[in-house]
Amino acid sequence: MRILFLGTPDFAVSALSAILENGYDVVGVVTQPDRKRNRGEATSFSPVKSYALQKGIEVYQYESIKKEGVEDIKNIAPDVMITCAFGQIISQEILDIPKYGVLNIHASLLPKYRGSSPIQRCLINGEKTTGVTIMKTALAVDSGDILLQKEIDILPEENAGELFDRLAILGGEAIVEALGLLEKGEAKFTPQDEKLATHYPMISKEDGRIDWSASAIDIFNKMRGFTPWPSAFTYLTGKLFKISRSRVCKSEDIIDVMKDFVCGEAYAEKTRAFVKTGEGVLELLEVQIEGKKAMDVSAFLQGGKLKSGEILG
RNA sequence: CGCGGGUUGGAGCAGUGGUCAACUCGUCGGGCUCAUAACCCGAAGAUCGGAGGUUCGAGUCCUUCACCCGCAA
């Protein structure tokens with residue numbers, strides 16, 4: 001079976017490598033064009049491109065696959081195409097090319113969390129489980145008929161990076177299983193229940209700004225969803241201040257000490273730091289101030305940059 | 001050559017020309033304590049990212065290199 005793989009980030013690399021390791025014939029990959037990344041002067045390839053080059057797979061890149069890629073893909077004549085966080089919308093003309101159709105790997109249990117950043121969104125919303133879905137790639141985003149799903153529990157303190165890694169592996173397993181079904185002619189597709197569908201836009205940098213009037217648990221979930229990227233942040237004495245690890249404070253003593261604090265006000269001990277929120281107290285565990293590396297709060301506190309009474313935000 | 005911050009004992013930091021190598025923590029030794037991430041006493045440990053320069057004299061000014069990080073893409 002001739003496979004054409006369309007993907008861009010690390011998540012897609014995991015799937016691609018699973019496909020290769022199971023002996024499938026990947027005749028090419030399509031990925032986003034090389035982007036200029038400046039600080040460090042490295043113009044970098046997408047992770048999928050780097051991986052494909054390493055494996056000696058043909059790489060195709062288009063600013064717009066709909067406009068520039070159709071002829072190429074017809075010539076490649078794949079039996080099946082697989083999309084995975086590709087980053088471009090595909091046209092019907094392209095969807096009609098491969099005889100086994102076009103499959104997509106999506107990191108959520110569809111029809112929930114359609115759209116970009118499903119992993120982050122799950123965490124932000126405090127979901128307890130998530131998973132991956134293999135479905136037909138359709139014109140409407142993430143709306144195609146489902147072939148199979150795999151579910152996993154979200155760990156209580158897991159952040160997006162960690163969950164991402166686990167789902168990437170799961171996605172690889174799922175797509176290999178899906179290809180097996182296709183080959184055996186046992187693939188059965190089930191339409192999604194549109195009534196249960198939820199859709200979220202891509203998260204942006206600014207969405208990571210912490211609103212200290214929210215509850216501690218919501219802030220905690222947001223922080224997990226935004227870590228390691230684009231990160232949950234606030235401001236400390238005018239400087240960007242990221243929080244990469246935290247937890248909801250359970251200590252009655254601390255909560256009592258801070259009962260008259262305003263939202264965003266900090267309470268610092270020798271090795272621990274807390275912030276008052278709209279509901280409850282958030283304990284900071286790992287932070288990063290602009291220009292510095294991320295560090296444990298205890299180390300950060302040694303530097304004397306955060307004192308009780310300081311207002312974050 | 002997109003903009004900016006940073007590189008000082010194991011960690012976090014102070015220190016902008018002349019006892020300048022400080023502080024908090026950690027480490028080691030001792031003490032106190034039922035006990036402790038608490039407290040007390042003492043000790044080890046840095047030639048201040050690399051190279052060059054200015055100067056009577058530089059961590060502190062200049063040039064350059066390397067690495068780290070934030071922003072923007």
Side-chain angles (χ1 to χ4, degrees), chain A residues 7-13 31-50 61-65 85-89 116-117 120 157 159-162 164 201-212 219 222-258 264 266-275 281-313:
Chain A
T8 300
D10 289 315
F11 188 81
V13 170
T31 192
Q32 293 276 42
D34 300 341
R35 304 291 185 202
K36 259 237 163 93
R37 312 208 160 201
N38 261 319
R39 188 193 68 173
E41 77 198 71
T43 294
S44 69
F45 299 159
S46 76
V48 162
K49 178 170 178 179
S50 303
Q61 295 173 286
Y62 312 103
E63 279 302 331
S64 169
I65 190 170
F86 173 50
Q88 289 185 30
I89 304 294
S116 302
S117 324
Q120 287 94 327
E157 303 208 348
N159 68 34
E162 294 154 357
F164 193 96
M202 191 181 318
I203 57 172
S204 72
K205 188 92 187 161
E206 184 55 29
D207 294 334
R209 182 164 190 162
I210 294 170
D211 171 9
W212 292 107
I219 294 171
K222 174 184 225 171
M223 179 219 75
R224 292 197 295 148
F226 278 77
T227 301
W229 191 90
S231 78
F233 65 94
T234 184
Y235 289 91
L236 173 61
T237 56
K239 286 189 175 159
L240 190 76
F241 187 63
K242 294 181 174 181
I243 298 170
S244 50
R245 222 152 48 75
S246 66
R247 69 177 163 221
V248 176
C249 178
K250 298 261 172 41
S251 161
E252 293 301 331
D253 294 347
I254 300 293
I255 292 169
D256 192 54
V257 168
M258 299 179 74
Y267 173 65
E269 294 185 329
K270 217 164 200 169
T271 59
R272 301 190 299 174
F274 306 86
V275 183
V281 168
L282 191 73
E283 176 173 5
L284 308 182
L285 296 176
E286 187 177 82
V287 300
Q288 177 178 26
I289 192 97
E290 183 182 322
K292 291 294 197 175
K293 290 185 177 179
M295 64 183 85
D296 287 344
V297 230
S298 61
F300 186 74
L301 289 168
Q302 303 303 340
K305 294 265 196 316
L306 177 62
K307 302 185 185 71
S308 288
E310 207 94 58
I311 310 287
L312 298 176

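Lettering of chains follows the sequences in order, A, B, ..., and the numbering in each one begins at 1. Predicted model only: the values in this text are computed from it and were never measured.
Remark: P of B/C39 and NZ of A/Lys270 are 4 Å apart, rounded to the nearest angstrom. Here the P atom of nucleotide B/C71 and the CH2 atom of A/Trp229 are 10 Å apart, to the nearest Å. Here the P atom of nucleotide B/A73 and the CD atom of A/Glu206 are 13 Å apart, to the nearest Å. In this structure, the NZ atom of A/Lys239 is 8 Å from the C1' atom of B/G5, given to the nearest Å. Remark: C1' of B/G70 and CG of A/Leu236 are 14 Å apart, rounded to the nearest angstrom. One atom, CG of A/Asp296, and another, P of B/U24, lie 21 Å apart when rounded to the nearest Å. At whole-Å resolution of the value, CG in A/Leu306 and P in B/U24 are 18 Å apart.
OP1 or OP2 of B/G70 sits under 4.0 Å from a side-chain N or O of A/Gln288. At B/G70, one or more side-chain N or O atoms of A/Lys242 fall inside 4.0 Å of OP1 or OP2 (strictly under the cut-off).
Between the CG atom of A/Leu236 and the NZ atom of A/Lys307 there is a distance of 9.5 Å, given to the nearest 0.5 Å. The distance from the CG atom of A/Asn159 to the CD atom of A/Glu286 is 9.5 Å, given to the nearest 0.5 Å. Atom CZ in A/Phe241 sits 5.5 Å away from atom CG in A/Leu306 (nearest 0.5 Å).
Residues A/Thr8 and A/Ser46 have side chains that never bring a donor and an acceptor to within less than 3.5 angstrom of each other. With 3.5 Å as the limit, one finds a donor-acceptor pair spanning the side chains of A/Gln32 and A/Gln88. If you check the side chains of A/Gln288 and A/Lys293, you find no donor sitting under 3.5 Å from an acceptor.
Using atom C1' as the reference point in both B/A37 and B/U27, the two lie 15 Å apart (nearest Å). Using atom C1' as the reference point in both B/A21 and B/G59, the two lie 9 Å apart (nearest Å). Comparing the P positions of B/U47 and B/C62 gives a spacing of 24 Å, expressed to the nearest Å. Here the separation of B/G10 from B/A22, taken at their P atoms, is 15 Å to the nearest Å. The P atoms of B/G9 and B/G4 are separated by 27 Å, rounded to the nearest whole Å. When the C1' atom is compared between B/C39 and B/C48, the two are found 33 Å apart, to the nearest whole Å. Comparing the P positions of B/G57 and B/G15 gives an interatomic distance of 26 Å, to the nearest angstrom. Separating the C1' atom of B/A43 from that of B/C3 is a span of 47 Å, rounded to the nearest Å.
Under the 30°/60° scheme for interplanar angles, the aromatic rings of A/Phe11 and A/Phe164 are found to stand perpendicular.
For the side chain to side chain donor-acceptor pair (under 3.5 Å) with A/Glu283, the lone residue among A/Arg272, A/Lys250, A/Arg247 that qualifies is A/Arg247.
Stem list for RNA chain B (at least 3 consecutive Watson-Crick or G-U pairs, distances under 3.5 Å): B:2-7 with B:66-71, B:10-12 with B:23-25, B:27-31 with B:39-43, B:49-53 with B:61-65.
Heavy atoms only, all atoms of each residue included: A/Ile203 and A/Pro230 are closest at CD1-CD, 3.6 Å.
In this structure, A/Thr271 and A/Lys293 both approach RNA chain B, and ranking their closest nucleotides by distance from the 5' end singles out A/Thr271.
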Could you write out each protein N or O paired with an N or O of nucleotides 12-14 of chain B at a distance under 3.5 Å?
residue	atom	partner	partner atom	Å
B/G12	O2'	A/Ala299	O	2.8
B/G12	O2'	A/Gly303	N	3.1
B/G12	N2	A/Gln302	O	3.3
B/C13	OP2	A/Lys292	NZ	3.4
B/C13	O3'	A/Lys305	NZ	3.3

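Residues A/Asp253 and A/Asp256 form no side-chain contact, since every pair of their non-hydrogen atoms from C-beta on lies 4.5 Å or further apart.
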